[in-house]
Every structure is written in C-alpha cells, then in structure tokens.
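All values below were derived from every heavy atom in this structure, side-chain atoms included, with hydrogens, water molecules and symmetry-related copies excluded. Read the numbers this way: they start at 1 and go in the same order the structure lists the ligands and their atoms. Since the structure is predicted, the reported quantities are computational estimates derived from the model, not experimental observations.
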Amino acid sequence: MGEFANKNIWVFIETDEGKAKSVGLELLNPGRMLAKKAGEELVAVVFGTENTAAVAQIQEYGVDRIISVEGAEYEKYSFDAYTYAMTALVNKYAPSAILIGATNNGRDFGPRLSCRLRTGLTADCTGLDYDAESGNVAWTRPAFGGNLMACIMCPDTRPQIGTVRPGVFKKAPVPDKHADVISEKISVPADKIRVRLVESIREAAEGMVNLEDAEIIVSGGRGMGASENFKLIEELADALGGAVGASRAAVDAGWIGHAHQVGQTGKTVGPKLYIACGISGAIQHLAGMSGSECIVAINQDPEAPIFTMADYGIIGNVFEVLPALTEEIKTL
Ligand code: FAD
C-alpha cells in the first residue's frame, strides 16, 4: 500500500440544464460517510455555465466545500472539456477519491478521467465503504452476472475513482450547514475539444417520469404475456402517478423499450413503492430494485422468489388483479 498525500472525498455533481442530477446528491450521503471515516473533508465539484441553482441544491447536503467551475464549454457534457478541467482540479487539490454517478455521461467520464490520471476505476458500484486498515475506499460491484459481489480497492494510486449506480443511495439532507464555494476558472483550449454535442433529444415522452427519480414504479415481466398487455401496467402507473418499469425478459421480448428495464443491466431504482407484476424475482432483477422502500409482488406462483423480497404479496393472475387494483385506486 502506498503512502499518499492526497486528501478529501470528492463527489462529481452532474447537472442537467443547470440543476444537479439526483445521483450526485445521493452520492453526497456515502461521500460524507467516507470522509468521516477517513478523517477528511467532503467536497462537491460541479461544472456548468451557471452553477447558482446547482450550488444551492448542493448546500442542502452538508458538504464541507464546493468547487464550482463555470464556462461556456461546460454547458453540456463534453468528455474533452470535463476531463481537461477535472484533471486540472485533481492536479491542484489532490483528492483521495472521486465518486461519479453511473449515468450515461458518468460512465463515459469516469474511465476517461481515470485513464488521463493514470489511476484505477471501479465501474458501476452498488456499495461503498472505507477500509480503515488499508486506508482505501472499498467499492462493491456485482460480478459474474450478479452472482457475486466483488469488493475492489485501489491501493497503489490516487485518486481512487468509481462510478456508482443511481438509486443505490438515498439523498440525505443536512440542515444548517453552509459550505464555502470555491470558484475555479478553467478555460479549455479550443483544440482540446474534439467532439461537440450538436443536439440532444429526450427519449422520454412529455410528462413521463424518469425511472430513477420516480417515487412509484409499476413493473411488468414475462408474466404480462404480450406487448399489448403492458397497457394494464401503464393504467395502474397512471392511476398512481408513477412510472413504468420492466424486467429484462419483457424488454428482450420487445414489449417495452430498454429505458424501462430495471436490474443489473438496466436501471437501479429506489422508489417509495415498487409493484412487480408477473416478475419472478431473478437475482439480476432484484439487484436493481431491492432498495425500494415498499415492494408489492403480484404473481400466480406462490413459490416465486420475488415473494421473499416483497413486503406485500398478491398470489393471483395479473390479468385479474391489475384491472381490479387500478379501478380501486381510481376511486380513492
Ligand atoms: P420469468 O423469470 O419468466 O418470470 C415470469 C413470472 O411471471 C413467473 O414467476 C410466473 O409465475 C409469473 N406469471 C406468469 N404468468 C402470470 C400471470 N398471468 N399472472 C401472474 N404471474 C404470472 N433481468 C432483469 O429483470 N433486469 C436485468 O437488468 C437483468 N440483467 C441480467 C444480466 C445478466 C448478466 C443475466 C445473465 C441476466 C439478467 N437478467 C436481468 C435476466 C434475469 O436473469 C431473468 O431472466 C429475468 O429477470 C426474468 O424476467 P421475468 O421475471 O419477467 O421472467
């Protein structure tokens, strides 16, 4: 194990139209735990053209400092600009670890940054702890198709970098703490930006809830039997003001898009209520939804593994239970 001068736990706060994305705010929670155990500070780092709104959001989560980098080149995610700026910050401040949300952008940014800094990256983590004996962050991630959980450390280089799945940690506001904001001006030379984002098109239809931020999710699996039967899932989700999720079996069957997939190769969600309909409860599905506060399972097989995880189980046929449930909820 090396001896390092690097100090402090950084959390990269990804933004969307000037607002902090949920995952960054979630990561401030384990970030604070790591900083406390390591006896270091928790620092949030945010890039954008105008960070006032994002900084105000971050202030609610008890960080020790906020590093805000503003400039036209940071308006949208650009791996060239972001990697350039973060490398400059790391060289200046020498953090011990950087936590990045495993969003599409984070999954691009993390590896590029770790490569630029000649350090390691643990991708797609679902757990974090601090190993006091070695002084390393202990990153946990699924391995071998979700059948094993691997604990990975980065003992030889700093900073330690990892991407962490959205929805794994809960946001935990800390009242009455105000962090210093350090404004850094980092101009990225034009020739360093090789790729520019010309246009981004939102996949979600108007009014559709983002799965990772949804408080209620109704998910359908192979038990729904056909694409057209997913309307029963949509109707219940509509009645509850929730979002529609799915198992991989339903996605692979072409009944619904991959953006709806919950699980190890889909999204990790942590809603208040998760209703699994015709889903058996394979380990790879549970990996994406076991953090839900309340799980309701509807399945005709009383032996289905999903019932071991469910707070409430309805043993029955989805084609009978779902319409009845939707009707009942509409009358409330
Ligand atoms: P099934 O396992 O076939 O279960 C269908 C259930 O529906 C059964 O329990 C049955 O009793 C019930 N049912 C049938 N008809 C009715 C009815 N009329 N009324 C009520 N109940 C009924 N899966 C994911 O979901 N997400 C992932 O991200 C994911 N990633 C994976 C990654 C890897 C590397 C691998 C190997 C697998 C992954 N899987 C993932 C697949 C996973 O192993 C399962 O195959 C999948 O979750 C099964 O989906 P299911 O529960 O819908 O289907």
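Each of the following atoms of ligand 1 lies closer than 4.0 Å to a heavy atom of D301: 11 (O). Close approach of ligand 1 to G263 is summarised as follows: ligand atoms under 4.0 Å from at least one heavy atom of the residue are 26 (N), 27 (C), 28 (O). Ligand-side atoms of ligand 1 in range of N317: 17 (C), 18 (N), 19 (N), range being under 4.0 angstrom from any heavy atom. Short contacts between ligand 1 and G316, defined as distances under 4.0 Å to a heavy atom of the residue, involve ligand atoms 19 (N), 20 (C). Taking every heavy atom of Q261 and a limit of under 4.0 angstrom, the matching atoms of ligand 1 come to 26 (N), 27 (C), 28 (O), 29 (C). If you number the atoms of ligand 1 from 1 as listed, the ones under 4.0 Å from a heavy atom of G221 come out as 52 (O). Heavy-atom proximity to Q264, at under 4.0 Å, picks out these atoms of ligand 1: 27 (C), 28 (O). Close approach of ligand 1 to F319 (heavy-atom distance below 4.0 Å) involves ligand atoms 18 (N).
In the model, E212 has no side-chain atom that pairs as donor or acceptor with a side-chain atom of S22 under 3.5 Å. Y93 and E184 form a side-chain donor-acceptor contact under 3.5 Å, judged by distance and modelled atom types alone.
Taking each of Q300, R248, M289 in turn, the one with a heavy atom nearest to atom 33 (C) of ligand 1 proves to be R248. Around atom 26 (N) of ligand 1, the closest heavy atom drawn from V262, T265, T268 belongs to V262. Selection from G278, A249, A287, A282 by nearest heavy atom to atom 6 (C) of ligand 1 gives G278.
Linking ILVMFWY side-chain heavy atoms closer than 4.5 Å, directly or via other members, places M224 and I298 in a single hydrophobic cluster.
Closest to atom 34 (C) of ligand 1 among all protein heavy atoms lies G145 CA, 3.9 Å. The nearest heavy-atom contact from the protein to atom 2 (O) of ligand 1 is S280 OG, 2.6 Å. Of all protein heavy atoms, the one closest to atom 3 (O) of ligand 1 is R222 NE, 2.6 Å. Regarding atom 8 (C) of ligand 1, its nearest protein heavy-atom neighbour is N299 ND2, 3.7 Å. Of the protein's heavy atoms, G223 CA, 3.4 Å lies nearest to atom 14 (C) of ligand 1. Scanning all protein heavy atoms for the shortest distance to atom 50 (P) of ligand 1 gives S247 OG, 3.5 Å. The nearest protein atom to atom 43 (O) of ligand 1, hydrogens excluded, is given as Q284 OE1, 2.7 Å; this is a heavy-atom distance.
Electrostatic pairing of D124 and R107 counts as a salt bridge here, judged by a charged N lying under 4.0 Å from a carboxylate O. Here K272 pairs with E215 in a salt bridge; the nearest charged N to carboxylate O distance falls below 4.0 Å.
Going from atom CD of E41 over to atom OG of S96 covers 11.0 Å, rounded to the nearest 0.5 Å. Taken from CG in L236 to CG in L325, the straight-line distance is 5.0 Å, to the nearest 0.5 Å. With rounding to the nearest 0.5 angstrom, the NE2 atom of H258 is 8.5 Å from the CG atom of D252.
In this structure, the side chain of N136 does not engage the main chain of A138 through any donor-acceptor pair within 3.5 Å. Side chain of N299 to main chain of I279: a donor-acceptor pair is present (N/O by atom type, distance under 3.5 Å, no hydrogens or angles).
The local environment of OH in Y312 is sparse, with at most 12 non-hydrogen atoms from other residues, nucleotides or ligands closer than 6.0 Å.
Counting protein heavy atoms under 4.0 angstrom from atom 45 (O) of ligand 1 gives zero.
Ring geometry for Y77 versus F109: interplanar angle over 60°, hence perpendicular rather than tilted (30 to 60°).
Checking only distances, V318 does come within under 3.5 Å of ligand 1, N or O to N or O.
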